[in-house]
Structure formats: C-alpha cells, structure tokens
Visitor: 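Please read through the structure below; I'll follow up with questions.
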Amino acid sequence: MDGNFISHLLSASLPPGFPFWGLALLAAFLGALCVVGFVSILALVSVWLERKIAGHIQARLGPMRTGGWHGWSQTLADAIKLLTKEDVILRGADPVLFRLAPALVMGSALAMFAVLPFAPGVQFADIDLGVYFLLAVASLTTIGVIMAGWGSNNKWSLYGAMREAAQATSYEIPLALSLIPPILHFGTFSLLSATEQQSGWGGMQWYIFSDAFWVAIPSFFLFFTAALAENKRAPFDLPESESELVAGFHTEYSGLRFAFFFLEEYAAMFAASAVATAYWLGGWNFPGMTFLSTGSLWLPILGALAFLLKAMFLVCVMIWIRWTLPRLRIDQVMTLGWKYLTPLALGIMVAAAGWEAWRASL
Amino acid sequence: MTVARDACWGPAQVHALAVREAFEAITASGFLVTLEEPDLPLHAPEGESKDLARRRKQEGDLSVWRGDPYLLLPEASQLVDVCVSIREDLGFSMLYDLAGCDLSADAANLQIVYGFLNLSRKQRLVLLTEVAKDQLHLPSVAKVFPAADWHEREASEMYGLIFDGHPDPRALLLPEDWEGFPLRKDYVFPEEYGGIPWA
Amino acid sequence: MGLTPSFAQAPGSEVEVAVPTQDCSINMGPQHPATHGVMRLLLKADGEVLTGAQAHLGYLHRCAEKIGENVDWTQYLPYTDRYDYLSAMNNNLGYSLAVEKLMGLEVPERAQWMRVLLAELNRIASHLFAVGTYGLDLGAFTPLFYTLREREEILDLFQEICGARLTCTFIRPGGLFNDAPEGWLEKVESFLCRFEERWKEYDALLLRNKIFIERTAGIGTLSGNDAVTWGVTGPLLRASGVDWDLRRDQPYLVYDQLDFEVPLGVGRQGEVGDCWDRTEVRMSEMLASLSMIRQCLDKMPDGAIQHPDAGPVLRPAPGRAYVGVENPRGELGHWLVSDGTKHPVRVRMRSPSFCNLSVVEHLLPGAMLGDAAAILGSIDIVVGETDR
Amino acid sequence: MTSSAFSRWWRNLSDGVISTARGMRITLRTFLRKPVTVQYPDEKPDLGGRYRGIHYLEQDLCIYCDACAKACPVDCIEMDATRHGKELEWHAFTLDYNRCMLCELCVYPCPKDCIHQGEEYALVTEDREDMVRDLLTWKGLTEEQKQKVAEVEALKAQRAAGGGE
C-alpha cells in the first residue's frame with residue numbers, strides 16, 4: 001500500500017490503536033470518493049472543453065451564457081438537468097439489464113483511475129500488473145454497453161450493442177499489442193515504475209524521446225487510434241452513430257442513467273490518454289523537475305499538473321479528430337482493425353522486441 | 001418558324017416539331033391518336049387573351065386554348081402499346097411526368113397527361129388520354145417506364161384512378177384509410193379524420 | 001481491396017449456415033436524423049446488410065396542388081417557396097415562367113438576367129446545404145457549419161434584396177417584385193471572391209477525405225440507363241454520366257447566352273454514378289454557378305424589371321402549359337391548366353425530389369445499414385417537395 | 001500478398017493519414033480564426049431596409065379599400081370601419097399571424113401605399129390569440145375627424161334645411 005497517499009495520511013492522523021482492516025476500509029472508501037469526485041469534475045471540464053473546441057472549430061462560439069465567462073458552468077447546469085429528469089424505463093425493456101448497464105459502465109470507468117499514477121505518491125493503488133488491470137477493466141465497458149443495447153428492447157440499440165461488441169473485441173488486440181513496446185522497454189507492467197524510469201535527462205527521458213523512439217512513435221499512434229475505437233470516439237463512434245442508429249445503445253436512456261454513459265465516455269477518454277501519457281509521454285515528469293528537492297511539496301503538485309496537462313492535451317486531440325472526420329462504416333472499422341492496425345502492431349512489437357534484445361546484449 | 005431566339009420560357013418550336021413528328025410516326029404504326037395544337041400562338045396579340053377569357057366564360061367551353069401542342073389518345077386501352085412505341089421507336093427514354101387532371105366537376109372525363117423526354121434529340125412529347133369518371137380503369141405503364149410507379153400511385157389516390165397491372169397499388173401520400181379523392185373538383189373536404197375534427 | 005471488403009458471402013458458397021436467422025425489419029423514420037425531414041423507410045436487414053426497403057411518404061403532404069386550385073395565380077406564389085424550401089428562388093422562377101408562358105409574356109431583359117443571377121445564387125446555397133448535410137449523414141459535423149457559414153451570406157444577400165431569407169416570394173409572373181438595391185450587385189461580386197477560397201476548404205475537408213471516399217465511392221451506384229428509366233434528373237442524372245442539363249439543352253431565360261460547363265460523374269473514386277460522384281457533381285456545379293453569376297454581373301443590362309401587362313391579378317388565356325426548369329435537385333416542372341379565370345384549374349408540379357427518391361427502394365437492397373444514410377443523403381431530397 | 005496488393009494497402013494507409021492531417025489542419029485554422037456567429041440578443045443583426053417583418057399601417061392614409069385583404073393568399077387580413085362621408089371610423093384592422101406567411105403580397109396592391117412590413121420579427125407569445133394583431137393606432141374617430149364629421153353633418157343639415165325651404 002505504499003503508493004496510496006490516503007492511507008499514509010490516515011495512518012498519521014488516526015489513533016495508534018486503530019485496527020488495520022478499518023484503516024484499509026476507510027482508505028478505500030475515501031479513495032473511491034476522491035476518484036468519483038475527480039472523475040465527475042474531469043468529465044464536466046472535458047464536456048465543456050469539447051463544446052468550446054467544437055464550437056470554435058465550426059466557426060461559432062459554443063456555450064457562452066451559463067455562468068458568465070464563456071459558459072463555464074454549462075455542463076454543470078446540464079448535469080443538474082440530467083439529475084432531475086424523469087428516469088424512464090420502457091415497459092418492454094429488461095429491467096435488470098437496463099438498470100445494471102450504466103452502473104457497470106460507470107464502475108469500470110472509475111476502476112481504471114485506481115492505477116493511474118498522477119504524481120509522485122499520488123496513486124490509489126500500484127498494482128504490479130497495472131496495465132493488465134486497466135485492459136481488463138476497460139473491456140467491462142463493452143459488456144455494459146451490450147447489456148444496455150439488449151436490455152433497451154430497441155432495434156437501434158441492439159445494433160449499437162452488436163457493433164460495440166464487434167468493434168471493442170477487435171480493437172482490444174491492437175490496443176494490447178501496441179502497449180508491448182513500452183512494456184518491453186521499461187520491463188514492467190506497472191505504470192508507476194514505467195513513469196519513474198522516464199525521469200532521466202532532467203525529466204525529459206520520455207519513451208518517445210528515448211533511443212527506441214522509432215518504435216515508440218508508431219506504437220503511440222497505434223495505441224491512440226485503437227484507444228479512439230475502444231472508447232467509441234469518432235471516427236469509430238459506430239455504437240452510437242447518430243445519423244444511422246439514432247443514438248445507438250443509449251437511445252432509450254434518460255436522466256441519470258444517460259448521464260452515466262455520457263460521463264463514462266469522457267472518463268474513459270481521459271484514462272486512455274493517461275495511459276498514453278504514463279507510458280509514452282513521461283507521465284508526471286516535466287523538464288526542470290530536477291531543480292526541486294525530492295521531498296518538496298511542489299513536486300507532486302507540479303507533477304500532477306504536468307500529468308493532467310499532457311493527458312488533457314491528448315483528450316483535446318481526440319476532440320479535434322472527432323470534429324474533423326466522417327464516420328467509418330462498421331465493416332471498414334473491422335477491416336481497419338484486423339487488416340491494418342493488427343499487422344502493424346505485430347510488426348512494431350517484433351521490431352521493439354528485436355531492438356530491446358539487441359540493446360540488452362550490448 | 002422565323003423567330004430567331006426562343007422565348008424566355010424555353011424552346012417552344014422544338015417542342016411543336018417533336019409533337020408533329022411523333023404524331024406522324026405513331027399514326028404510321030397504326031395507333032389512333034389526334035394531334036392537338038393550340039388555337040392561339042404563344043405570342044398572342046395584346047388584349048386577345050382577355051377577349052378569350054370573356055368568350056370562354058360566356059360560352060363555358062374549353063375549345064379555345066393556348067399552350068403546348070400535345071397528342072390525344074382517345075382509347076386508353078392502347079396506352080401500353082403506344083408507350084412502348086414511344087420508347088422503342090421514337091426514342092423517348094424518360095417519362096418525366098404523369099399526372100391526372102380534372103377540368104371541372106361537370107366534366108365526364110378525367111384527363112391523364114404523360115410527358116416524355118428524348119434526351120438525345122432534346123425533345124419533349126406530351127400524350128393525353130381520358131377516362132370516364134364512372135369507369136376509371138386504365139392500364140399501368142409502370143412496366144414500360146418504371147418512373148410511372150410512384151406517379152401512378154399518386155394519381156390513383158388523388159383521382160381514384162385504377163391503374164390495372166400496377167405492381168404496388170398502395171396509397172403513397174395519403175393515409176391508407178383516407179376517404180375521397182382530393183384533387184377531384186367535386187371533392188368535399190371532410191369534417192373529421194379518424195375522429196379528429198377539423199379545427 | 002481498399003477498406004471496403006467483399007462482405008457479400010452469397011448463400012450457396014462453401015459456408016453453410018447452421019443457425020436459422022430471421023431478417024430484421026427496422027423502421028427508419030418518420031423521425032430519424034438521416035431522413036432529412038419526416039420520411040419513413042421500412043428497411044429489412046440481414047445483420048448489417050439490407051435486403052429490402054420500402055418508402056412511406058406523405059408525412060409532409062400539404063395539398064399544395066389542391067391549394068393551387070383555390071387561390072389565384074399570384075397568390076400561389078408564396079406556396080411555391082414552400083415545396084423545396086431550400087431553393088425558393090428557383091421554385092418561384094419555375095412557376096413564374098409557366099404562368100408567363102400561359103400569358104404569352106416575355107419579361108424585360110434586365111429581369112431575365114436578374115432571375116438567372118438569383119436562381120444561380122440559390123443553387124449555390126442549396127448545394128452548400130446538400131453537401132454539408134451529406135457530411136452530417138456520414139458523421140462529419142464540421143463541414144455542415146462551414147457550408148452554412150457561406151449559405152448564410154447568400155441568405156443575407158436575399159434578405160437585402162427581397163426582405164426574406166428562405167421563403168423569398170421574389171420572382172413573380174411578369175418579372176421581379178423589386179429591383180436590386182444600391183450596391184447589391186457589388187456585394188454579390190465580393191461574396192463570389194470569398195466563396196472560391198472557401199470552396200477549396202470543403203473540398204479538402206470532406207470530398208478528399210479518405211474516410212469520406214471509402215464511405216461513398218462505389219456505394220449506391222445508379223447506372224445512366226437506370227437513371228433515365230426511373231425519371232431521375234438533376235445532379236443525380238449527371239452523376240450517372242448522362243449529359244443532360246435543361247439550362248443548356250432546353251435553355252430558358254438567358255442561359256443560352258451564358259458559357260458554362262455541365263459537370264458529369266466520371267467515377268474518379270469508384271464507379272460512375274456512385275454517391276461520391278453525386279457529391280462531386282454538386283460541388284462542381286457550385287463553381288459552374290459561380291462563373292454564371294460572374295457573367296450575369298458583367299452583362300447585366302439596365303431597364304425595367306417588370307412587364308407592364310402583369311398586374312396584381314393575372315388572367316392567363318385558357319390553355320395548358322408546361323415549363324421545366326433546372327432546379328438544384330433536378331427538373332422542376334409546372335404543368336398549369338387555365339380556363340381564363342383568375343384561378344388556376346390545375347397546378348401540377350413535377351417535383352425533382354419525388355422522382356429522384358423513387359430510386360431509393362432499388363438502391364438500398366444489398367447496401368449496409370450505414371449506407372442507408374449515405375445513399376439517402378446523396379439523393380438529396382427535400383421532403384417538402386417529395387410530399388408537396 | 002502480391003506487391004500490388006501491398007502497395008494498395010500502403011496507399012490506403014498513407015491516404016488515410018495524409019487526408020486526416022489535411023482535414024485537421026483546416027479545422028485548426030478555423031479554430032484559430034474569429035467565429036462568425038454573433039450573440040443574438042446582445043448583437044442585433046442588420047436586417048436591411050426591405051425586411052419583411054410584422055406589418056404596420058399608416059392609418060391616416062388607409063381608405064378601407066380591402067385590396068390587401070383580397071390579395072392575401074391565406075385570408076389573414078380583416079378590416080372593419082364605418083364611413084362617415086369621407087372620414088373613416090375604424091373598428092378593427094386585424095392580421096392573423098397564425099396564418100400570415102409574410103409574403104408581402106398585401107403590400108403591393110395597396111393604392112395608397114399605407115401597409116408596410118417593418119423590422120420587428122419576434123412573434124413570441126404564450127397564447128395563440130395574441131397572434132391576431134390589430135394594426136390600428138387609434139379606434140373610432142379622432143377629435144379632428146369628429147370635428148370634420150360634425151362640420152359635414154352641419155353642412156348637410158344646413159343644405160337639407162336650405163333644400164327644404
């Protein structure tokens with residue numbers, strides 16, 4: 001439990017006789033609360049960003065009224081609206097699946113945040129197989145989406161769910177394969193350890209700047225593309241493609257349940273960007289961090305800032321891509337996944353393995 | 001034909017020539033059609049149209065008219081054969097329009113107008129046929145010109161015409177249970193539809 | 001190969017289907033984002049592949065033809081704005097020409113040039129909307145906003161000349177309601193210069209995009225022969241390689257004095273007559289219209305804009321006249337029957353969208369569900385016009 | 001995989017990447033430009049002099065000839081007045097905006113050029129009845145008119161009296 005700053009704080013402030021299991025439970029609870037709060041705020045900010053970026057890309061202003069400055073509280077108002085809306089469950093819908101699906105989707109998105117290394121000492125859990133955990137948890141979303149599509153008892157939703165099933169399972173492979181080069185490079189599945197290994201050169205020894213940059217950069221692009229598809233972002237937003245399937249798997253959802261799907265999308269976007277940041281873009285490392293002493297309080301603060309900025313930049317690129325490209329067709333999505341990305345990922349994996357083996361032999 | 005330039009509404013002379021040619025060709029192949037040409041040239045002397053309107057109002061006939069020349073097919077039963085001939089022999093490959101027309105509530109007949117287009121020779125041809133209002137059957141040309149499919153469906157629900165041999169004679173624009181034929185001159189606007197009264 | 005695989009695993013090939021499957025019927029519309037209004041398509045689908053389609057029209061049927069029999073000749077003019085509400089000027093023009101033909105009037109020279117200018121401006125506006133919403137159908141939002149940006153400028157010009165943006169009621173039997181205000185023609189000129197630059201943006205952003213090409217090339221192919229037999233006109237017909245444009249082949253107004261190109265589909269990305277060709281033809285037509293407007297501005301004569309004989313109440317001679325004009329969506333024909341009174345006996349419009357849409361039932365089977373939006377969008381219907 | 005198939009594969013990939021990059025450049029350029037939209041209620045658009053908005057009537061010019069009502073395709077104009085010789089006692093001149101399509105056909109036939117369409121366009125209301133607008137600026141007779149009518153009446157009475165003699 002050494003990465004968890006909450007348990008550190010708790011053990012310092014609680015009376016000495018406090019039982020260990022109580023401490024663990026309390027830490028877990030507080031950690032979960034932090035994650036939920038963080039994700040909610042993050043999603044609000046990302047939704048606002050998406051609207052503003054979309055607006056300006058489209059030569060318009062985006063939200064300008066709510067809250068004064070550039071409509072900063074527009075998403076807050078929307079969130080309140082969604083919370084107070086009537087929660088409609090269709091008579092023909094499967095009540096269990098319909099209710100369970102948003103929770104599962106949201107839960108899996110939140111769980112991803114447990115292993116993200118935000119800053120030195122700020123990580124809720126450092127798992128040895130951190131990346132495995134991430135991939136496993138991320139694919140739970142797919143199950144939630146399929147449940148939503150099936151449970152809605154709507155043909156459009158069902159189509160969305162089936163597309164999600166096909167698409168997500170296909171893109172898991174290039175996604176996982178494109179993670180192998182950095183894993184080989186750092187020799188670890190732990191995101192924390194990978195981040196720590198990139199702190200050299202005054203905080204600039206990021207994987208894409210390392211000697212293996214020629215495999216790092218293509219694998220980064222592959223990961224990014226596969227992550228777009230995995231997160232149902234345009235041009236791979238087939239499961240909810242609004243001009244074909246009305247709104248796909250969440251056609252029948254309203255109110256809070258819809259908000260969960262909405263939130264999950266942005267949470268998952270951030271999580272994918274965070275993984276890319278931790279493995280390729282140096283995580284919390286930033287140039288100039290060597291001037292700070294190891295115990296300094298500025299290090300976690302500035303580190304977290306650097307991490308958030310890098311991840312949010314990638315989120316913005318995702319938004320930018322969404323408002324530029326048309327949508328692929330489902331068979332083209334599959335073709336792209338199996339005939340283009342998977343072979344490319346395999347090739348890069350082999351190249352990375354050869355490079356790392358050659359470097360190790362020196 | 002001395003006018004150098006066509007009038008601003010399009011080539012009327014080409015059209016008139018085309019109809020005359022088509023008339024000769026169709027008559028030669030043994031069908032009974034008549035060539036109807038307007039009594040009034042398209043550029044009528046000033047004031048003449050007002051006189052005509054007055055005369056027509058007093059006499060109440062439709063004998064004097066202006067406009068495009070057309071072919072009148074008195075026997076609607078020959079329609080399919082004539083259409084085949086128009087397409088195959090005369091090269092009018094496109095049926096650009098098909099429409100019904102009810103001239104007045106007292107008229108005994110409904111008119112059906114067929115417009116054909118020859119893309120290579122840039123000609124138009126108008127064929128008009130009539131059906132008695134108490135009989136209303138005429139052959140469908142949807143097999144000769146697929147374009148007639150929807151037009152015939154529309155004409156049939158609007159005028160009550162029955163196109164024999166139409167592949168899919170459902171209502172197109174109106175609800176399936178609509179009563180009456182709205183474009184007939186004797187159509188009475190319904191008080192309500194499906195229990196919903198007209199506001 | 002491309003990104004388009006050969007998904008057609010025909011029944012009877014070596015794969016034996018053990019699981020009995022059932023076709024799924026899907027109701028697309030009347031409220032569906034891709035139907036461009038209230039139209040309903042009943043689709044049959046085997047998985048993602050469509051096996052059948054049936055169109056149900058009439059949700060926007062407003063009895064325009066019946067209304068025509070109950071108002072007088074001038075009063076019908078505002079109704080013409082409303083069947084193809086994206087190209088009101090062209091509709092006004094078609095109706096006015098037909099009435100003028102019945103009356104035997106020829107409008108003054110300046111009115112003819114102004115009419116061509118306005119009709120071509122409206123064609124650009126309409127094509128801009130068509131290309132933009134086509135991007136939207138394929139999931140690209142942004143091109144729509146770019147095309148709307150330029151369309152707004154055209155609508156501003158319309159607002160300045162006639163007071164309304166969409167439902168213009170400006171071209172009337174006998175000429176125009178009003179002459180252009182001071183400086184209006186210069187504004188048109190400066191718009192054209194801006195527009196040429198912007199046109200390149202849509203071209204690069206949408207038409208040359210690889211995903212757009214993959215989504216449209218080889219999809220919904222309509223052969224030239226089929227297009228003619230189905231009575232398809234306008235950009236659809238030309239995209240299928242049939243060289244037919246009323247403005248050149250049956251010229252009305254002063255189109256015979258203009259020098260312009262008629263763009264045809266050549267199958268640059270896929271086959272002749274596919275969705276990409278249709279979009280490309282629309283894009284090229286915008287440039288053709290642009291050059292036509294330039295020529296109109298150069299040759300615009302002075303003079304009256306209204307024929308002295310056409311008063312507020314018109315009484316055409318008894319007769320039957322048809323005038324077809326080239327609308328942005330194809331041939332808009334008005335078939336007018338007059339009995340010499342001030343009310344028409346029959347107002348029939350041959351609306352291009354209606355005839356173009358009738359091919360949809362034959363283009364959709366065999367395509368995929370995602371292509372339904374692509375094909376329907378490429379036909380570019382305006383439901384106000386299909387239903388009238 | 002034959003070489004041509006591979007080159008096609010490669011071309012597809014590079015086309016996709018290049019055209020995406022090109023598109024992103026265009027969207028980025030627009031992102032950096034100034035937006036073209038305006039914040040509507042704060043900034044009012046320039047409507048131009050010919051805007052066809054809600055009608056206004058120059059009542060003193062109107063001669064109650066019904067030309068506008070006859071020209072209206074949807075019969076939305078209704079007017080009611082009593083004639084006192086030359087003077088008009090106005091009761092109503094209503095325009096039903098539930099039906100009106102702002103086509104300006106009522107403006108042209110007016111012999112006195114007294115009905116116009118203005119620049120007001122906001123037709124927001126909670127009640128359909130509000131859409132029927134009365135264009136009159138005053139109802140009944142003005143003081144001036146009353147005087148004139150009285151004068152005429154007096155003249156008439158005088159004449160009648162004179163005629164009787």
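Numbered from 1 within each chain, the chains take letters A, B, ... in sequence-line order.
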Visitor: Which answer fits Arg149(C), side chain, backbone, both or neither, if we ask what part of it has an atom under 4.5 Å from a heavy atom of chain D?
Guide: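 Side chain only.
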Visitor: Check whether Tyr108(D) gets within reach of chain C through its side chain, its backbone, both or neither, counting any heavy atom under 4.5 Å.
Guide: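 The side chain, not the backbone.
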Visitor: Would you say Arg22(D)'s side chain and Asn209(C)'s backbone share a donor-acceptor pair under 3.5 angstrom?
Guide: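 Not at all, since once roles are kept as given, no pair shorter than 3.5 Å links the two residues.
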Visitor: Inspect the surroundings of NZ in Lys66(C) and state if more than 12 heavy atoms from other residues, nucleotides or ligands are less than 6.0 Å away.
Guide: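 Count over threshold, so yes.
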Visitor: Could you please state which residues from residues 67-77 of chain D sit under 4.5 angstrom from chain C, measuring non-hydrogen atom to non-hydrogen atom, sorted by number, or 'none'?
Guide: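 Lys70(D), Ala71(D), Cys72(D), Pro73(D), Val74(D) fall under the 4.5 Å cut-off.
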Visitor: Give the member of Ile67(C), Ile161(C), Asn70(C) that has the highest number of heavy-atom pairs under 4.5 Å with chain D.
Guide: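 Greatest number of close heavy-atom pairs with chain D: Ile161(C).
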Visitor: Which residues in residues 25-36 of chain D have any heavy atom lying under 4.5 Å from a heavy atom of chain C?
Guide: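 So far as heavy atoms go, Ile26(D), Thr27(D), Arg29(D), Thr30(D), Arg33(D), Val36(D) are the residues that approach chain C to under 4.5 Å.
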Visitor: Between CD1 of Ile211(C) and OG1 of Thr20(D), what distance do you get to the nearest 0.5 Å?
Guide: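 It comes to 5.5 Å.
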Visitor: Heavy-atom count around Glu43(D) CD within 6.0 Å, excluding the residue itself: above 12?
Guide: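 Yes, because the 6.0 Å sphere around CD of Glu43(D) holds more than 12 heavy atoms from other groups.
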Visitor: How many angstroms lie between atom CZ of Arg172(C) and atom CG of Leu105(D), to the nearest 0.5 angstrom?
Guide: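 The CZ atom of Arg172(C) sits 8.0 Å away from the CG atom of Leu105(D).
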Visitor: Chain D heavy atoms under 4.5 Å from Phe212(C): which part of the residue, side chain, backbone, both or neither?
Guide: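 When you check distances to chain D, no heavy atom of Phe212(C) falls under 4.5 Å.
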Visitor: Which region of Pro181(C), side chain (C-beta onward) or backbone (N, CA, C, O), has a non-hydrogen atom less than 4.5 Å from a non-hydrogen atom of chain D, or is it both or neither?
Guide: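 For Pro181(C), heavy atoms of backbone and side chain both lie under 4.5 Å from chain D.
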Visitor: What residues of residues 150-160 of chain C sit under 4.5 Å from chain D when you count only heavy atoms?
Guide: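 Residues of residues 150-160 of chain C touching chain D at under 4.5 Å: Gln159(C), Glu160(C).
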Visitor: For Leu13(D), which atoms come within 4.5 Å of any heavy atom of chain C: side chain, backbone, both, or neither?
Guide: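 Contact with chain C involves no heavy atom of Leu13(D) at all.
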Visitor: Could you go through the side chain to side chain contact (heavy atoms under 4.5 Å, CB included) check for Thr167(C) and Met101(D) one step at a time?
Guide: CA-CA 9 Å; Thr167(C) 50; Met101(D) 43 186 179; over 6 Å; no
Visitor: Any donor-acceptor pair under 3.5 Å linking the side chain of Arg52(D) with the backbone of Ala164(C)?
Guide: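 Between the backbone of Ala164(C) and the side chain of Arg52(D) there is no qualifying donor-acceptor contact (under 3.5 Å).
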Visitor: Taking atom CD of Glu144(D) as the centre, does the number of heavy atoms from other residues, nucleotides or ligands within less than 6.0 Å exceed 12?
Guide: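 At most 12 heavy atoms, drawn from other residues, nucleotides or ligands, come within 6.0 Å of this atom.
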Visitor: Under a 4.5 Å heavy-atom cut-off, does chain D meet the side chain of Leu206(C), its backbone, both or neither?
Guide: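 Contact with chain D: none, neither part.
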Visitor: Examine whether an atom of Gln117(D) lies under 4.5 Å from a heavy atom of chain C, and if so say whether it belongs to the side chain, the backbone or both; otherwise answer neither.
Guide: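 For Gln117(D), there is no contact with chain C at all, as no heavy atom is under 4.5 Å.
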Visitor: Just verifying a value: how many Å separate Arg50(D) CZ and Asn178(C) CG, rounded to the nearest 0.5 Å?
Guide: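 Output value for this atom pair is 4.0 Å.
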Visitor: Should the heavy atoms of other residues, nucleotides or ligands under 6.0 Å from CH2 of Trp10(D) be counted, would the total exceed 12?
Guide: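 Open.
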Visitor: For atom CD of Glu78(D), decide whether the heavy atoms of other residues, nucleotides or ligands shown that lie under 6.0 angstrom number more than 12.
Guide: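 Result for CD/Glu78(D): open.
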Visitor: Mind checking which of residues 71-84 of chain C sit less than 4.5 Å from chain D, heavy atom to heavy atom?
Guide: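 The stretch touches chain D at Val71(C), Thr74(C), Gln75(C), Pro78(C), Tyr79(C), Arg82(C).
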